[in-house]
Chemist: 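Have a look at the structure that comes next, please.
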Amino acid sequence: MNVVVCGKVIPASTVTIEIDPNTKRMARKGVPHELDPAAASAVEEGLRLTEKHGGTVTLITMGTSDATIGIRNALAMGAASAVHILDDAVAGSDTLGTAKLLAAAIKKQEFDLVICATESSDSYSGIVPGQIAYFLGVPPVTFAKEITVDGNQITIKRQSETGYDVVESTLPALVACSSGINEPRYPQLKGIMAAKKKEIKVYKAVDLGLSPDEVGEKGAREKVLSIGRPAKRQAGKAVTDEGEGGKQIADFLAEIKVI
Amino acid sequence: MADTIWVYAEISEDKITTTTLEMLAKASEAGKAEAILLGPAPADAAQTLAKHGASKIYHCEDAIYTDYLTLPAAETVAGLIQKQSPAVMLFASSYSGRDLVANLSARLDCGAITDVGDFQLKDGSVEATIPALGASYQNTSTLVSEGTKLLVVRPKSFEPKLNEQPLSVEEIPAASDETLRKVHMKERVVVKREGPSLEGAKIVISGGRGLKGEEQFAILKDLAEVLGGAVGASRAAVDAGWVPYAMQIGQTGKTVKPDVYFAIGISGAVQHLSGMKTSKYIVTINKDPEAPIFQYSDFGIVGDLFKVVPQLIEELKKRKGV
Ligand SMILES: Cc1cc2nc3c(=O)[nH]c(=O)nc-3n(C[C@H](O)[C@H](O)[C@H](O)COP(=O)(O)OP(=O)(O)OC[C@H]3O[C@@H](n4cnc5c(N)ncnc54)[C@H](O)[C@@H]3O)c2cc1C
Ligand SMILES: Nc1ncnc2c1ncn2[C@@H]1O[C@H](COP(=O)(O)O)[C@@H](O)[C@H]1O
């Protein structure tokens with residue numbers, strides 16, 4: 001069973017992301033990058049499934065040259081190869097443009113299953129996976145917290161408002177997994193060495209049969225009009241506990257007439 | 001139709017969801033509100049929608065919409081949109097809402113705006129306000145595609161309002177193509193939850209990684225009991241497996257707006273804040289004075305929660321005379 005994982009490489013969680021007021025995009029350039037933790041979980045899920053059922057994992061990412069570090073990380077975890085959509089023309093893509101590019105790149109691979117993370121950690125629109133599934137013509141199975149494959153039958157436990165749903169479909173399919181689905185492995189030295197020899201295919205939009213007008217800023221349906229900072233909530237009182245903290249909260253609750 | 005706004009109605013636990021009613025309130029304020037109601041629904045569902053502002057309801061009772069996820073509903077809604085072209089269609093930022101919008105935005109090649117907190121309709125174009133990066137920025141966006149604009153609305157953005165309209169229901173045919181029966185809902189498992197529901201609670205007591213483990217959540221339950229509140233959690237506590245996902249507050253969990261929100265052993269990450277920062281009062285207990293949550297608190301104690309919470313429980317019991 002061959003698995004394609006779509007995952008993003010994003011500014012490391014330790015850096016505060018600012019938005020560039022001129023381009024109205026996240027100022028991603030020059031800051032340290034890492035494989036999105038949500039994408040690492042998707043890679044992990046792919047590896048677990050292929051370890052059990054055979055086949056390989058291919059990572060597909062769209063991003064700037066900063067993404068290489070994250071791609072290497074996925075390869076070091078055990079992905080067999082990677083595809084990097086790297087093209088200035090795709091900068092500023094909205095969800096639809098992103099999904100078109102990813103779907104076109106996936107079509108160039110052999111796959112039985114596509115795994116996405118429900119949401120990326122930096123833009124969390126959560127609709128890219130469903131859009132990709134539409135373009136591929138495969139069933140979308142989203143918010144998975146457990147995936148089981150049996151022949152061409154796929155069963156997931158899907159998060160719900162009140163618990164979980166058991167949902168079935170058939171391969172080929174696209175699954176988007178929820179956070180906490182697994183604990184991604186750390187790359188080992190052997191994996192890191194092996195990753196250096198693995199292939200990273202690089203595509204531009206035109207290689208994927210998409211004209212630069214359909215993607216990127218030009219093709220985007222969603223246009224950002226303005227960005228701003230909403231007024232911060234006024235911070236209230238904070239006191240250090242000197243043995244009376246619990247009582248002081250009770251006093252506050254009495255003051256606001258909750259007790 | 002220039003000012004018609006459709007709302008995709010959702011049902012959970014046998015009721016029209018609050019978010020549906022919230023969207024109807026906004027839709028009827030911004031234009032002419034109509035609702036789409038697909039799948040088996042409680043008997044008074046259409047009345048509830050009309051009472052909250054829906055001047056027309058497109059309805060189909062067929063179980064295909066609940067037995068099979070996304071594809072049948074997308075087929076039906078896409079057909080309706082192509083026929084009627086409402087100016088805007090609103091979906092809740094829920095599981096089914098997001099899945100539907102993903103499919104529709106690709107199929108109609110029109111894109112969508114997600115995580116919408118508010119919007120305005122001007123001459124057929126839409127301007128949406130989106131709190132970005134959790135909540136530290138606020139953006140406005142528009143859709144430049146032709147035709148119906150699809151918006152995914154975050155819960156608790158509007159107040160539901162009674163605005164009774166004469167009941168007008170148009171029955172529509174069910175999607176029936178076999179190829180739509182691809183994602184089968186085999187079983188719904190309801191995880192039993194204890195205590196009152198988070199959505200309506202006046203007091204919410206949430207715990208995070210600072211609680212250190214599953215057993216320790218018991219002290220929050222004790223506190224919730226004396227205060228008559230519900231217990232919530234950060235994603236760190238949910239991902240660690242200490243509490244079920246149904247208790248998660250934040251960007252990818254529930255949005256709550258209680259009178260008092262307790263953040264206990266929670267640092268205040270933007271994704272957590274986005275689910276609770278509109279609470280009336282926020283009370284914090286955290287041992288780190290630098291924790292971002294203090295910037296949003298009305299009252300905070302810098303201290304060890306394992307000392308402060310038991311004392312608070314004792315004190316509340318004393319004052320209540322139990
Ligand atoms: C796409 C995306 C979506 C997300 N969605 C959500 C979401 O919906 N909800 C959510 O909550 N998070 C969400 N997160 C995760 C979020 O970024 C944070 O990682 C998470 O909220 C942290 O949880 P926490 O505050 O419990 O843990 P931490 O950040 O680890 O904070 C624990 C706090 O406990 C304090 N503490 C420790 N011991 C004690 C003690 N004895 N007494 C008092 N205080 C103590 C510490 O000082 C610290 O401030 C999301 C992240 C991403 C990327
Ligand atoms: N640039 C990208 N490269 C690879 N995968 C992506 C990209 N953008 C989105 N995805 C996939 O779509 C998911 C949801 O992304 P988002 O819609 O940004 O929340 C991600 O977790 C990935 O699986």
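A, B, ... follow the sequence lines: proteins, then strands. Residue 1 opens every chain. Predicted model, so just to flag it, every value in this text is computed and none were measured. Both backbone and side-chain heavy atoms feed into the values below; hydrogens, waters and symmetry mates do not.
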Chemist: For A/I249, which atoms come within 4.5 Å of any heavy atom of chain B: side chain, backbone, both, or neither?
Modeler: both
Chemist: Please classify the contact between A/A99 and chain B as side chain, backbone, both or neither, with a heavy-atom cut-off of under 4.5 Å.
Modeler: neither
Chemist: Once rounded to the nearest 0.5 Å, what's the spacing between atom CG of A/D165 and atom CD of B/E187?
Modeler: 9.0 Å
Chemist: Between B/D99 and A/R158, is there a salt bridge with N-O shorter than 4.0 Å?
Modeler: yes
Chemist: At a 4.5 Å cut-off on heavy atoms, which part of A/N182 comes close to chain B: side chain, backbone, both, or neither?
Modeler: neither
Chemist: Just give me the residue among B/E314, B/K149, B/M185 that pairs up with chain A most often, heavy atom to heavy atom, under 4.5 Å.
Modeler: B/M185
Chemist: Taking the side chain as every heavy atom from C-beta outward, state whether B/T114 and A/E119 have any atom pair closer than 4.5 Å.
Modeler: no
Chemist: Once rounded to the nearest 0.5 Å, what's the spacing between atom CD1 of A/I259 and atom NZ of B/K320?
Modeler: 9.0 Å
Chemist: Which salt bridge (Lys or Arg N to Asp or Glu O under 4.0 Å) pairs, counting each pair once, include a residue from residues 131-151 of chain A, with sequence neighbours left out?
Modeler: A/E146-A/K157
Chemist: Taking atom OG of A/S178 and atom OH of B/Y95, what is their separation to the nearest 0.5 Å?
Modeler: 7.0 Å
Chemist: What residues form a side-chain contact (heavy atoms from CB on, under 4.5 Å) with B/T140, not counting sequence neighbours?
Modeler: A/L225, A/S226, B/E127, B/T129
Chemist: Nearest 0.5 Å, what's the CZ-NZ distance between B/R319 and A/K247?
Modeler: 9.0 Å
Chemist: Taking the side chain as every heavy atom from C-beta outward, state whether B/F299 and A/E255 have any atom pair closer than 4.5 Å.
Modeler: no
Chemist: Against chain B, label A/V258 side chain, backbone, both or neither, depending on which of its atoms sit under 4.5 Å from a heavy atom there.
Modeler: side chain
Chemist: For B/V260, which atoms come within 4.5 Å of any heavy atom of chain A: side chain, backbone, both, or neither?
Modeler: side chain
Chemist: What's the shortest heavy-atom distance between B/G303 and A/D241, and which atoms?
Modeler: CA-CB, 4.0 Å
Chemist: Side chains of A/Y164 and B/R188: does their closest heavy-atom pair fall under 4.5 Å?
Modeler: no
Chemist: B/A112 versus chain A, heavy atoms under 4.5 Å apart: side chain, backbone, both or neither?
Modeler: both
Chemist: With salt bridge (Lys or Arg N to Asp or Glu O under 4.0 Å) as the test, would you mind laying out the steps for B/D259 and A/K257 before giving the verdict?
Modeler: CA-CA 11 Å; B/D259 289 344; A/K257 304 207 159 51; over 6 Å; no
Chemist: What pairs meet the side-chain hydrogen bond (donor to acceptor under 3.5 Å, both in side chains) rule with one or both residues in residues 214-224 of chain A, with sequence neighbours excluded?
Modeler: A/R25-A/E217, A/D213-A/K218, A/R221-B/D109, A/E222-B/S141
Chemist: With side chains defined as the heavy atoms from C-beta onward, is the minimum distance between A/Q248 and B/I301 less than 4.5 Å?
Modeler: yes
Chemist: Which residues in residues 127-137 of chain A have any heavy atom lying under 4.5 Å from a heavy atom of chain B?
Modeler: A/I127, A/G130, A/Q131, A/Y134, A/F135, A/G137
Chemist: Is there side-chain contact between B/K186 and A/V167, with heavy atoms separated by less than 4.5 Å?
Modeler: no
Chemist: Check whether any side-chain heavy atom of B/D298 sits under 4.5 Å from a side-chain heavy atom of A/F252, and report yes or no.
Modeler: yes
Chemist: Does the side chain of B/S105 reach to within under 4.5 Å of the side chain of A/T95, using non-hydrogen atoms?
Modeler: no
Chemist: Evaluate B/L316 against A/L253 for side-chain contact (heavy atoms from CB on, under 4.5 Å), listing each step before the verdict.
Modeler: CA-CA 10 Å; B/L316 290 170; A/L253 295 177; 4.3 Å; yes
Chemist: Side chains of A/T142 and B/T70, heavy atoms from C-beta outward: is any pair under 4.5 Å?
Modeler: no
Chemist: Give, for atom CD of A/E168 and atom NZ of B/K182, the distance between the pair rounded to the nearest 0.5 Å.
Modeler: 15.5 Å
